[in-house]
Amino acid sequence: MSDQAPAATGAPPATPATRARYRRILRFAGWNLTVTWWYELVLPRIGLASVANRTRSRRMRRFAQRFHGLAVDLGGLMIKVGQFMSSRLDVLPPEITSELEGLQDEVPAVPFPAIRELAEAELGMPLERAFASVDEVPVAAASLGQAHRGRLLPELAADVGLDAVVLKVQRPGIDAIVDVDLAALRRVGRWLSHVRLVSDRVDAPALVEEFARTSLQEIDYLHEAANSERFAEEFDGDGRVAVPEVVWERTTMRVLTLQDVTAIKITDADGLRAAGIDPAEVAPVFAEVMFDQLFTNGFFHADPHPGNIFVTPLPEPAGERPWRLTFVDFGMMGEVPPGTRSGLRKLLIAAASRDGKGLVDAIRDVGVLLPTADTAELERAMTHLFARFGGMGFAELREVDPREFREFAVEFGDVVRSLPFQLPENFLLIIRAMSLTSGVCSALDPSFNLWDSVEPYAAQLLRDERGNLGQDIAKQALDNLTIAWRLPKRLDDLITRVDDGSIAVNAPRLEQRVGRLERAARRLVAGVVFGGVVIAGAIIHTTDEVLGTVFLAASVVPLAFTVFTGRRGG
């Protein structure tokens, strides 16, 4: 294997430092892949599977700890990789995800002279001509960039209608670091694609490309500025949400200037109370705003951690509440296509109704579970989850024996990792957004019950969609019924003409085709019956859950006939 870092198009020439970085990442990956290969593949083949099983948990935890150290030391995309891995509950064991979930941008700030040099080169003028002032001490420092407070010059401030700003500047040389990190990750992805233990569960090269796309967007501040304005448009006129204005006159690909909207951090309970705001009143509003992004707008903030959301008191309260939620940092955004959004709505409705099987079916609809997957164990696990923990608030969950949580987490994790599916990047962002939402709401109000927000929202979605869904199913059923009604007559006419000798045909081929048509007719009739039983079950289920469930279960019979007849006769 070559250690030479492949240069990306337009990337700066490789330096000794970037080559050393590239080799260090590959050495770390290569060593840990070798260890995994030895324990998980070689030892079981020579009768030492018990050794692998006994040491697995400790090895996974040690790997995560070492990666944590590597990420903090290297910075750049390695920290993002750690954060990304911490959300891969579908692929990685809890020993890794739990160790990495707290990984933050633990990197030192760049000295201000280097920040000044980059900003001046980007803006094409000295900072003194671009801003009235810029604080040299950063407000925040992260692996990809850092932020400084500043003030606009009076003339520009008058033009844009604001004075106080936050200047976000990329870390110098971050593009070269990102290129090197992505080159190393692509090499590791190719290695993993040849390891059956991994390739059976995840398409590693595709995963790396998804991560690359997200990362490259995150270091393009013009893209972030456009995201900010789009997010503002989505909530235009909504009194619950505020978004900082972009100062385009002082914004480039590597420098982003935004209105300074710093207010009370959403989880600062003491600050909220001092401003006369009850934290418990903030939680349901925040949850509702996040639901709107995910299930209605389809464009959502994928990193809603407490540092990215402020509660802004209003000097002149208007409407229901004297405050609003102010979102910042739009570098990591997710988009939900209409088809996926429909599946997510079904998923939300199933979760709200504690329907384990419905939840698994919705996961299929979203497209993350292969049709061949045996979901019996997953359905059982979800049913168990809802039966035991469904409806519990954070305070109630704290009273549950931790051993019960651990046992369920191990069992559920094993079930999930045994299934042939991979969550798409956007779906992972959805999970991340919902996880952070739940955490923030629980911090605001320990007794907050996310179900209390999910259920009315899901009920409204169900009311909104029931009419459209019913119309679509009814139209499809009518079309199928029309075809099924006409087909026997057409078959009869065709056979009569053959008997009369008015059609000259090859008899064996005709019999084969007629057989196919007859089977198609039976499948169509079965399809109509299936549609009718499903509609009846859905309608009855709203008033009589037991009888409705019986109808829905019974619809499997004509559906199975339709599917398996097609396979035999194809």
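Because the structure is predicted, anything quoted here is derived from the model rather than measured. Any value given below was found using the heavy atoms of this structure, including those in side chains, with hydrogens, waters and symmetry copies removed.
The side-chain heavy atoms of His68 and Val72, taken from C-beta on, include a pair separated by under 4.5 Å. Between Ile266 and Val440, the closest side-chain pair of non-hydrogen atoms falls below 4.5 Å. Under the 4.5 Å side-chain criterion, counting only non-hydrogen atoms from C-beta, Glu218 is not in contact with His223. In this structure, Arg24 and Asp73 have side chains that are in contact, with non-hydrogen atoms separated by less than 4.5 Å.
Dense packing is recorded around CD of Glu288, with more than 12 heavy atoms of other residues, nucleotides or ligands lying under 6.0 Å away.
For the side-chain contact (heavy atoms from CB on, under 4.5 Å) test, residues two or more places apart in sequence or in another chain that qualify with Val139 are Arg149. Every residue was checked against the salt bridge (Lys or Arg N to Asp or Glu O under 4.0 Å) condition with Arg61, not counting sequence neighbours, and none meets it. Looking at residues two or more places apart in sequence or on another chain, you find a salt bridge (Lys or Arg N to Asp or Glu O under 4.0 Å) between Arg21 and Asp181. Residues meeting the side-chain contact (heavy atoms from CB on, under 4.5 Å) test with Gln146, sequence neighbours left out: Ala109, Val110, Ile115, Pro138, Ala141, His148, Arg171. For the side-chain hydrogen bond (donor to acceptor under 3.5 Å, both in side chains) test, no residue two or more places apart in sequence or in another chain qualifies with Asn297.
Within the 3.5 Å criterion, the main-chain N or O of Val328 finds a donor-acceptor partner in the side chain of His301. Listed for the Ser228 side chain is no donor-acceptor partner under 3.5 Å among the backbone atoms of Glu224. No donor-acceptor pair closer than 3.5 Å links the side chain of Ser438 to the backbone N or O of Met434. Side-chain N or O atoms of Arg59 include one that pairs as donor or acceptor with a backbone N or O of Ala52 at under 3.5 Å. Judged purely by atom type and a 3.5 angstrom limit, Asp329 has no side-chain atom pairing as donor or acceptor with the backbone of Asn308. Proximity of a side-chain donor or acceptor of Asn53 to a complementary backbone N or O of Ala49 within less than 3.5 Å is detected.
Among all heavy-atom pairs drawn from Leu436 and Ala302, the shortest one is CD1-O, 4.5 Å. Taking both residues in full, the closest heavy atoms of Cys441 and Phe286 are given as SG-CD2, 3.8 Å, listed atom of the first, atom of the second, then distance. The two atoms that bring Ile174 and Ser143 nearest to each other are CD1-O, 3.6 Å, heavy atoms only. Here the closest heavy-atom approach between residue Leu118 and residue Pro172 is recorded as CD1-CA, 3.6 Å. Heavy-atom minimum distance, Arg190 versus His194: O-CD2, 3.1 Å. Residues Tyr39 and Val51 approach most closely at CE2-CG1, 4.3 Å, considering heavy atoms.
Between Phe330 and the choices Asn227, Leu256, Val246, Leu258, the side-chain contact (heavy atoms from CB on, under 4.5 Å) rule is met once, by Asn227.
Summarising the geometry, atom CG belonging to Leu70 is positioned 7.0 Å from atom CD1 belonging to Ile25; distances are rounded to the nearest 0.5 Å. Remark: Leu77 CG to Leu144 CG distance equals 6.5 Å, nearest 0.5 Å.
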Inset, instruction - Before giving the answer on side chain to side chain contact (heavy atoms under 4.5 Å, CB included), spell out for Met333 and Asp303 the whole-Å C-alpha distance, their side-chain angles and the decisive distance to 0.1 Å. - result: CA-CA 7 Å; Met333 301 295 292; Asp303 196 22; over 6 Å; no
Inset, instruction - Determine, step by step, whether Arg54 and Leu48 satisfy the side chain to side chain contact (heavy atoms under 4.5 Å, CB included) criterion, reporting the C-alpha distance in whole Å, the side-chain angles of both residues, the deciding distance to 0.1 Å, and the verdict. - result: CA-CA 10 Å; Arg54 189 172 61 251; Leu48 296 176; over 6 Å; no
Legend entry - Check against side chain to side chain contact (heavy atoms under 4.5 Å, CB included), Phe231 and Gln293: CA-CA 9 Å; Phe231 190 85; Gln293 295 173 48; 3.4 Å; yes
Inset, instruction - Determine, step by step, whether Gln217 and Met332 satisfy the side chain to side chain contact (heavy atoms under 4.5 Å, CB included) criterion, reporting the C-alpha distance in whole Å, the side-chain angles of both residues, the deciding distance to 0.1 Å, and the verdict. - result: CA-CA 8 Å; Gln217 288 176 352; Met332 187 185 295; over 6 Å; no
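A cation-pi arrangement is absent between Arg254 and Tyr221, since the terminal nitrogen or guanidinium carbon is not both under 6.0 Å from the aromatic centre and inside a 45° cone about the axis. For the pair Arg230 and Phe299, the cation-pi test (distance below 6.0 Å, angle within 45°) is passed.
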Pair up each side-chain donor or acceptor in residues 26-33 with any protein partner under 3.5 Å, not counting sequence neighbours, and list the distances.
unit_1: Asn32; atom_1: ND2; unit_2: Phe28; atom_2: O; d: 2.7

